[in-house]
Each structure stands twice: as structure tokens, then as C-alpha cells.
Amino acid sequence: MDSQLQIIPVEINGRKLESPIFVSGPCSAETEEQVLETGRKISEMGIPIYRAGIWKPRTRPGNFEGLGAVALPWLAKLKEETGLLIATEVANPYHIKEAINYGVDILWIGARTTTNPFMVQELADYLRGLDIAVFVKNPINPDIDLWIGALERMNKAGLKKLVAIHRGFSFYGPSLYRNKPQWGIPIELKRRFPDLPIIVDPSHICGRRDLLREVCQKAVDLNFDGLFIESHINPERALSDKEQQVVPEELKKILASLVWRKPDITDRELKHDIELLRDKIDRLDDELLHVFEARMKVVERIAEFKKVNDVTILQADRWSEILNERKDIGNKLGLSEEFVMSVFKAIHLESINKQTRIMNREIAEKSDFTKYSSGK
Ligand code: PEP
Ligand code: MN
């Protein structure tokens, strides 16, 4: 389903947020001193927005779940003293009411809330008619439609100062990251909604300090619109997410070390050089598509053969053999295993679909089930 989002740049009290948008502050507001001291350092660094969680969505009960509304006056005090814009997470109308009462400038929807359309709708209905910026984190599961859905619900309620936050996705199994970045998803979001600013939250992607710089650089190189990073004056003693928070001095070092590259090529000669390379890419892609076409023609012949001779579509041994051989060849050619596997898995799936259509043509035509594709 195609949709349009009506996005306007975030402007708060006459201050327009230009890309790159920087946001930093602790995972949770813990004490007045921690809120103020962290905030003063963030402000000195020229970062315009301070984040702090007041209500914390913890996976299991018994962990620190945030101090609640008692911490809001500290944020108001910080804002008054430094002029920082204040952002906090809200998950129900009560949170919104309290946050707005204390002058919070930006509300963010957490990853666990974005997964739930009932909750997002409840927030959107409560916010209807208000002129406030809303930052929407991706849902914990890698479902771009759910992310877009949450943005659309806000938009339909009249909220146009929207920013998406990419914080990675849950997965089951070992990984370097706390939440896998799956960069293809925010890249696709950018492709579909070029006006929507997307900022990256490396803290929740990494789950550990030592990877932060690398992920920040990647976000910058992919031309995303900013960074949302957790910082704390004393991370070791943080009540939530202590492994991933950095002291403001460390944050300053990370930001200073980032290499900012040009998003566009304006120089004519350079433009010419890259165009030559892009022409090559276009030609190679064309060749690839023709090779895919030729391969699918062979798949059709195999399907006819299997149909006549009553052979199953899948022979697991042959499929393992294909994967292993292609992986080895790819390896020798310097192609990563992950890439080769995903390309061949996609090819194989298409091949199975094609064979299914050919071998079960009569059933397909009789019951016409092919019409009922996913009705999202
Ligand atoms: C947070 O930003 O502290 C937070 C809880 O993030 P997420 O919703 O991305 O898990
Ligand atoms: Mn956190």
C-alpha cells in the first residue's frame, strides 16, 4: 500500500532543527544532580536536544522502571537553565499529559510501543490538534509497515513534525549487536519518504560502548539525518543500560572523530568519473537480470521434467550442494558468505515458486488461489 506522509521540518519556538540532528542524555533520569550535570555538559557541546527516560519499558518486571513524574521538574529546570530542548518517551495519554505539563518539547514513541497499533492510535488520538514534535522509533521486530503505520497514525492525527529513529531490531541468537541494525530497512524508509528525517540511535543498536563510534560513522556515511545517543555522567552506576552509555567527554570524542562526507557530487570532473563507474554498474545489472532470466528458463524446463516424471520440487541434498558450492566459489571470489547465501536463497525461493506454478497449474487455475496474495 502506497502512502504519502506530510512532513514539515521540526521547528520549536522558532528554532528549526537542521540535519544533522543531535540528541543526547541518559537512558533514564535518576537524580536531579545526574539530570542537570549530564545536561550541562551536553549543552556545552552544542547539542540542542536532551533525552531522558522518565517511564522505562523494561522487558521484565523488577528492573528499574523509571522514576515517573517526580523527575519531570528536573527536566524543566534543565531546560530553563540551558535552553536545551527536552525529549522523553511516552507510551500512554497520562505520560503525554504529564510531559506536556512540564514543558517537554519532543515526545518519542519507544520501540515496544510502535509494535502495537492500539497503543499508537491511542497516543495519536490524544495528540490530535497539538503542535508537538514526535519521534517514532522503529518497532522491535523488523517490520517496516509497522513503523510506517505508526508514522501514518500520527500524521492522520495532524502531527507533521515527525522524525523516525532507527534503533535496530530484536533477533534470537548470537550477534555482535544488542539490536541488529538491518540497515536495509531504514534505507527503504528513506527511499519511500524522502522528506522524513531519520536519525540513528547507536546506543540501543550496539548495547555496548566500544561499538558506538563505528555505528555512528556508518549512520553518517549512509547520510541519515542525525544521532540519538545515550550519555551519563557516571555510566557504571546507571540504573538502566549502563553498558551502552558514555560520559559526555567520551561522546565529544566520538563525535569529533567522525568523518563527514559530501552527500552530493558537485564538481563536474568528479561527477563525470562517477558517472562512468555508474554506467558500468548499470550494464552489469542488466547482464545480471539477463542471467536470471536464462536461469529461470532452465528452471521451467526442470519443472516440466519433474512434472512428467513425478518428482518432488525440493530435493534437500541438491539444495545443500548448491548452497555449499556457491558459498565456496563466492569465498574464492572475495564475496561474503552472508551475501552469497542471501542471493541464492532468494533465487531458490523464486525457483520453487516458479516450479510450483508450473507443476500445479491445474490446481492453481481451478481453485484460483493465486489471486489471494497477502492482502495487507
Ligand atoms: C530508550 O531510548 O531508552 C529506549 C527504551 O529505547 P527503545 O524503545 O529503542 O528500546
Ligand atoms: Mn536506554
Side-chain angles (χ1 to χ4, degrees), residues 21-30 34-35 38-39 42 47 49-61 63-68 71 75 85-92 95-96 99 104 106-116 119-120 123 133-144 146-147 150-151 154 163-171 175 177-182 185-186 189 198-209 211-212 215-216 219 224 226-247 251:
I21 300 169
F22 290 106
V23 184
S24 190
C27 180
S28 309
E30 296 167 359
Q34 170 244 16
V35 165
T38 313
I42 293 303
I47 292 178
I49 308 170
Y50 186 76
R51 60 144 288 155
I54 296 292
W55 299 279
K56 301 303 298 176
R58 306 313 298 275
T59 304
R60 298 184 61 187
N63 290 323
F64 175 65
E65 302 205 307
L67 293 179
L75 296 180
L85 296 170
I86 305 294
T88 202
E89 173 172 353
V90 291
N92 62 40
H95 295 164
I96 300 177
V104 167
I106 295 165
L107 305 175
W108 91 74
I109 314 288
R112 290 158 194 78
T113 307
T114 307
T115 52
N116 186 332
M119 288 169 81
V120 175
L123 298 180
V134 180
F135 288 15
V136 181
K137 287 204 172 195
N138 62 261
I140 48 178
N141 53 328
D143 181 343
I144 194 171
L146 216 40
W147 199 0
L151 290 157
M154 290 297 148
V163 171
I165 306 177
H166 170 46
R167 49 76 81 197
F169 302 91
S170 281
F171 63 97
S175 162
Y177 300 105
R178 176 177 178 193
N179 291 293
K180 277 202 175 168
Q182 306 213 17
I185 296 175
L189 191 68
I198 304 176
I199 63 175
V200 176
D201 170 350
S203 306
H204 291 86
I205 290 178
C206 298
R208 46 190 263 199
R209 289 182 268 286
L211 297 177
L212 287 177
V215 170
C216 287
F224 284 111
L227 296 166
F228 186 94
I229 308 180
E230 286 184 344
S231 55
H232 190 294
I233 39 160
N234 193 351
E236 295 309 328
R237 304 192 60 177
L239 299 178
S240 58
D241 290 352
K242 63 190 226 184
E243 310 285 325
Q244 69 194 33
Q245 303 200 62
V246 283
V247 288
L251 175 63

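Index from 1, following the sequence. Whatever order the structure lists ligands and atoms in, that order sets their numbers, starting from 1.
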Participant: Decide whether a cation-pi geometry holds between Lys180 and Phe169; the criteria are a distance under 6.0 Å from NZ or CZ to the six-membered ring centre and an angle within 45° of the ring axis.
Facilitator: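 The answer is no, since Lys180 fails at least one limit relative to Phe169.
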Participant: Show me which atoms of ligand 1 lie under 4.0 Å from any heavy atom of Lys56.
Facilitator: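 Ligand 1 atoms under the 4.0 Å threshold to Lys56: 1 (C), 3 (O), 5 (C).
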Participant: Measure the distance from atom 8 (O) of ligand 1 to every protein heavy atom, then report the residue, atom name and distance (to 0.1 Å) of the closest one.
Facilitator: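 Answer, as residue, atom name and distance: Ala111 N, 2.8 Å.
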Participant: In degrees, rounded to 10 degrees, what angle do Glu230 atom OE2 and Cys27 atom SG make at the Mn ion (ligand 2)?
Facilitator: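 Roughly 90°, rounded to 10°.
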Participant: Say whether Cys27 and ligand 1 are in contact under the criterion: heavy-atom distance to a ligand atom below 4.0 Å.
Facilitator: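 Per 4.0 Å heavy-atom rule, Cys27 contacts ligand 1.
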Participant: Identify, for atom 5 (C) of ligand 1, the protein heavy atom at the shortest distance, and state residue, atom and that distance.
Facilitator: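 Atom 5 (C) of ligand 1 sits closest to the protein heavy atom Glu89 OE1, 3.6 Å.
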Participant: Can you report which non-hydrogen protein atom sits closest to atom 6 (O) of ligand 1, along with the distance?
Facilitator: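 Scanning the protein heavy atoms, the shortest distance from atom 6 (O) of ligand 1 goes to Lys137 NZ, 2.8 Å.
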Participant: When rounded to the nearest 0.5 angstrom, what is the spacing between OG in Ser28 and CD in Glu30?
Facilitator: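 Those atoms lie 6.0 Å apart.
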Participant: For ligand 1, which atoms have a heavy atom of Arg112 less than 4.0 angstrom away?
Facilitator: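 So the atoms of ligand 1 that pass are 7 (P), 8 (O), 10 (O).
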Participant: Distance under 4.0 Å to a non-hydrogen atom of Gly110: what atoms of ligand 1 satisfy this?
Facilitator: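 In order of number, 8 (O).
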Participant: Please name the atom of Asp241, limited to N, O or S, that comes nearest to the Mn ion (ligand 2).
Facilitator: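 Result for Asp241 and the Mn ion (ligand 2): OD2.
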Participant: In terms of side-chain heavy atoms, does Gln244 have a donor or acceptor partner in Arg209 at a distance below 3.5 Å?
Facilitator: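 Result is no, nothing qualifies.
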Participant: Run His204 and Asp241 through side-chain hydrogen bond (donor to acceptor under 3.5 Å, both in side chains) and show every step you take.
Facilitator: CA-CA 9 Å; His204 291 86; Asp241 290 352; 3.0 Å; yes
Participant: Within the structure, does Arg167 bring an N/O atom to less than 3.5 angstrom of an N/O atom in ligand 1?
Facilitator: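 Yes, Arg167 has an N/O under 3.5 Å of an N/O on ligand 1.
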Participant: Which residue supplies the protein heavy atom nearest to atom 4 (C) of ligand 1, what is that atom called, and how far is it?
Facilitator: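 Answer, as residue, atom name and distance: His204 NE2, 3.5 Å.
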Participant: Would you say Asp241 and ligand 1 have an N/O pair spaced under 3.5 Å apart?
Facilitator: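 The answer is no, given that Asp241 and ligand 1 share no N or O pair closer than 3.5 Å.
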Participant: With side-chain contact (heavy atoms from CB on, under 4.5 Å) as the test, would you mind laying out the steps for Leu67 and Ile54 before giving the verdict?
Facilitator: CA-CA 6 Å; Leu67 293 179; Ile54 296 292; over 6 Å; no
Participant: If you round to the nearest 0.5 Å, how far is CG of Leu107 from CD1 of Ile109?
Facilitator: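 So the gap between those two atoms works out to 7.0 Å.
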Participant: Using the ring of each side chain (for Trp, its six-membered ring), is His166 parallel, tilted or perpendicular to Phe224, with breaks at 30° and 60°?
Facilitator: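 Because their plane-to-plane angle lies in the 30° to 60° range, the rings of His166 and Phe224 count as tilted.
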Participant: Per the side chain to side chain contact (heavy atoms under 4.5 Å, CB included) rule, which among Ile229, Ile42, Leu227, Leu85 passes with Ile47?
Facilitator: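 For Ile47, the side chain to side chain contact (heavy atoms under 4.5 Å, CB included) test succeeds with only one of Ile229, Ile42, Leu227, Leu85, which is Ile42.
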